[in-house]
Amino acid sequence: MQTRRQFVTAAGSFSAAAVFAPQSLANAARLAHLTKAHGRFSEGLISGDPTPNGITLWTRLGDVSGPAQVELEVAKDKSFRHVVARQKITTNAKLSHSVKARVGKLKPHAEYFYRFSSKGAETPVGRFRTALPADSQQPVNFAFFSCQDYTHGYYNAHELIAAGDYDFVICLGDYIYAESYHSKADGTAVRDDNVGKPNPQNPDIVREATTYQDYIDKYALYRSDPALRKIHQKFPMVTLWDDHEVQDNYAGQPGDGGLPPGKHFTAKRKAAAMKAFYASMPRFVSNQRQYRTLRFGRTIDLVVMDQRRYRANQPCDDAVSPPCADWDQPRDFLGQTQMKYVQNQLKSSKAAWKLLANEVTIMPTKVLGGSFFTFDSWQGYPREREQLTTYIRDNHIADVIFLTGDIHTFITGDVRTNMGDGDTVAIELVAGSITSQGLGESDIPAGNGLTLKGNDQNPHTDPGIIEALRGINPWVKAADFDHQGFGEVKATQSSFDCNLVRLETIKQRSKATLAPGSDYALHITRGQKSLFS
């Protein structure tokens, strides 16, 4: 009798691959009569969560309706003369015809090639590299990015990433946007997103996804861009979600998501979005647990956090305002189960660099009049923030770096205890956005009733404004409000070199970049506690 998780055996050095099989096709006799189906692979293919001996592989078969069968091949060479695994995998409409396998018993830090095929169609050849063996001290190269609103700009950053040579890439969240905020009609979009429907009670959006099929269609729309498909074809991805995979600024604990009634958040909508995420990403999970650790020899331990699923509602109406009366109260952000996991992973790590894949900024963001710039990030949860930062300090855990997305701004600086007024315990690197609207492109409330005016077509924030905000936020080393891009890293046993790659434009297709300068080409050495040292 088949179960939903099948274990199959293939030839060569590969011996066991875990394959998700639909419940409706659990009967082995029915499987035996199923043949490869006609279809196409318009979303390409993706590998994810590399370990020294394993990888997760994903694709989706389109233009089919009933049960279907797809063949997966994994080889040591691009010509597939040395195949190490070949397996037929079943799928159906309940799985949105997604196809997923976990391949095991691979060689550490080895390059492999893979492809999926159906009757009359096959994917491009994908490539992945497994992780370093546990005792390796070799360098690790990777890129990290977030926030790729399909409408607001072209994926020029992904063209640059695809031209690089990385062991893996990290998506720090907002891979899709449930909401479309821009349209070609209003002059702020380069292309339209017509998935979902309008919500007259949510005037900030053009339309939004609300159903499972809407969310599935979002992933297909985003992957219609060849630049995004290209990076997936070339590099494994480590992924986590933020809010836009479900709905902007939702909190996972309360039944209403912590959102006003006009936002139309429901538990059903959240469940549909999460189901679509797992149907569309190279992730195998236990009880949908996102937080986990991936190890790359003795060079990097990457701790992936989930800062949406377990959080309580944001305090102070999530406004730009001074702290309200109940701000500094116990409030789940990671939640204590996840918090203890993160603490234990940091304390037990033997890696040169302890990296925290971080959805939202842990450095505070303050504006005029003692106001915080909203309370959706770590600054809305000061008790848990202090719990983590003082744990790092008190346990003398060195070489901790937070890699952050969400805020659509390049920011570098120090992570300090006591909401920025205490001891420096880590470094934070925030890598802008792939396309999503930055602070220099928006009208931003700055406290005291003042608004910083942006320009969507030609952002150019006055450097004096940046300096004034740095004066309020002395832990910030550098900030760029006006450009999109990503971060790329080479980590060795002695240094962590990060180049924050900033684009000249996303409004036209271009590969041009800005010279990074010393503020955006960072050389961090082991034992360095502060970017100011």
Side-chain angles (χ1 to χ4, degrees), residues 144-161 171-196 198-199 202-209 214-215 217-231 241-249 359-360 374 376 404-411 430-444 452-461 480-487 500-514:
F144 62 103
F145 69 91
S146 68
C147 305
Q148 51 184 23
D149 181 343
Y150 179 82
T151 63
H152 189 246
Y154 294 111
Y155 289 165
N156 296 336
H158 286 320
E159 292 284 359
L160 287 170
I161 293 173
C171 176
L172 293 164
D174 296 343
Y175 182 96
I176 63 165
Y177 273 60
E179 314 83 4
S180 54
Y181 294 93
H182 308 280
S183 69
K184 293 176 74 174
D186 71 18
T188 63
V190 302
R191 49 194 178 181
D192 286 323
D193 173 355
N194 294 315
V195 176
N199 176 1
N202 191 1
D204 294 332
I205 65 163
V206 179
R207 56 203 312 122
E208 60 188 356
D214 286 345
Y215 287 103
D217 290 344
K218 284 280 186 177
Y219 289 97
L221 174 68
Y222 278 52
R223 291 170 185 159
S224 69
D225 189 292
L228 181 57
R229 295 199 308 274
K230 196 181 299 182
I231 67 162
W241 55 38
D242 191 24
D243 52 343
H244 288 286
E245 285 85 358
V246 177
Q247 191 171 0
D248 183 30
N249 284 359
E359 295 164 34
V360 294
T374 78
D376 186 63
T404 304
D406 179 68
I407 200 169
H408 311 171
T409 303
F410 288 97
I411 310 174
V430 188
S433 69
I434 293 294
T435 51
S436 300
Q437 193 171 43
L439 299 185
E441 296 165 317
S442 314
D443 292 345
I444 301 297
L452 299 180
K453 302 295 289 185
N455 185 324
D456 184 73
Q457 297 301 309
N458 186 26
H460 186 70
T461 304
D480 179 343
F481 288 7
D482 297 332
H483 299 97
Q484 281 81 13
F486 63 98
L500 295 176
V501 181
R502 300 173 297 144
L503 300 171
E504 287 184 356
T505 183
I506 58 168
K507 295 303 187 182
Q508 294 87 37
R509 294 191 186 276
S510 166
K511 294 183 181 179
T513 62
L514 298 176

Show the numbers, then the answer: is there a side chain to side chain contact (heavy atoms under 4.5 Å, CB included) between D192 and Y150?
CA-CA 8 Å; D192 286 323; Y150 179 82; over 6 Å; no

Side chain to side chain contact (heavy atoms under 4.5 Å, CB included) between I407 and V360, worked out
CA-CA 7 Å; I407 200 169; V360 294; over 6 Å; no

Apply the test side chain to side chain contact (heavy atoms under 4.5 Å, CB included) to residues D204 and E179: give CA-CA distance (whole Å), side-chain angles for both, the deciding distance (0.1 Å), then the verdict.
CA-CA 9 Å; D204 294 332; E179 314 83 4; over 6 Å; no

Set out, in order, the CA-CA distance, both residues' side-chain angles and the distance that settles side chain to side chain contact (heavy atoms under 4.5 Å, CB included) for V430 and F410, then state yes or no.
CA-CA 5 Å; V430 188; F410 288 97; over 6 Å; no

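Between D406 and L172, the closest side-chain pair of non-hydrogen atoms is not below 4.5 Å. Taking 4.5 Å as the limit, every side-chain heavy atom of R207 sits out of range of all side-chain heavy atoms of V195. Contact annotation: the side chain of D225 never approaches that of K230 to less than 4.5 Å [non-hydrogen atoms, C-beta and beyond]. Looking at heavy atoms from C-beta onward, D174 lies out of side-chain contact with Q148 at the 4.5 angstrom threshold. Side-chain atoms of R509 and N156, non-hydrogen and from C-beta on, do get closer than 4.5 Å to each other.
Side-chain contact check for D456 and Q437: at least one donor-acceptor pair (N or O, by modelled atom type) lies under 3.5 Å. Of the N and O atoms on the side chains of Y175 and R223, at least one donor lies less than 3.5 Å from an acceptor on the other residue. With no hydrogens or angles considered, a side-chain donor-acceptor pair links T188 and H182 at under 3.5 Å. Counting only N and O atoms by type, the side chains of D482 and T461 include a donor and acceptor under 3.5 Å apart.
Closest non-hydrogen pair, P459 versus G440, comes out as CB-O, 3.4 Å. When all heavy atoms of S180 and K218 are compared, the pair lying nearest together is N-NZ, 4.2 Å. Shown here for G432 and S146, the closest heavy-atom pair between the two residues is O-OG, 3.7 Å. Here the closest non-hydrogen pair linking Y215 and V246 is OH-O, 2.7 Å.
In this structure, the separation between CD1 on I506 and OH on Y154 is 10.5 Å, given to the nearest 0.5 Å. The CD1 atom of I231 lies 5.0 Å from the CD1 atom of I161; values are rounded to the nearest 0.5 Å. Note that the CD1 atom of I434 and the CG atom of L503 stand 7.5 Å from one another [nearest 0.5 Å]. Rounding to the nearest 0.5 Å places CG of L439 at 3.0 Å from OG1 of T409. Rounding to the nearest 0.5 angstrom, the gap separating the NE2 atom in H152 from the NZ atom in K507 is 3.5 Å. The distance from the CD1 atom of I205 to the CG atom of N199 is 5.0 Å, given to the nearest 0.5 Å.
The main-chain N or O of A209 is never found under 3.5 Å from a side-chain atom of D214 such that the two would form a donor-acceptor pair. Not one N or O on the side chain of T151 forms a donor-acceptor pair closer than 3.5 Å with the backbone of A189. S436 contributes a side-chain N or O that, together with a main-chain N or O of D149, makes up a donor-acceptor pair within less than 3.5 Å. At distances below 3.5 Å, not a single donor-acceptor pair connects side-chain atoms of Q484 with backbone N or O atoms of S433. Checking side-chain atoms of N455 against main-chain N and O of N458 turns up a donor-acceptor pair under 3.5 Å. Side-chain atoms of S442 do not come within 3.5 Å of backbone N or O of I444 as any donor-acceptor pair. Counting only distance, with no hydrogens or angles, the side chain of R502 and the backbone of L514 share no donor-acceptor pair below 3.5 Å.
Between F145 and H158, the distance from one ring center to the other falls under 6.0 angstrom.
Taking the six-membered ring for Trp and thresholds of 30 and 60 degrees, Y181 and H244 have ring planes more than 60 degrees apart, a perpendicular arrangement. Ring planes of Y177 and H408: tilted class, angle from 30 to 60°.
In this structure, R191 is positioned above the aromatic face of Y155, its NZ or CZ under 6.0 Å from the six-membered ring centre and within 45° of the axis.
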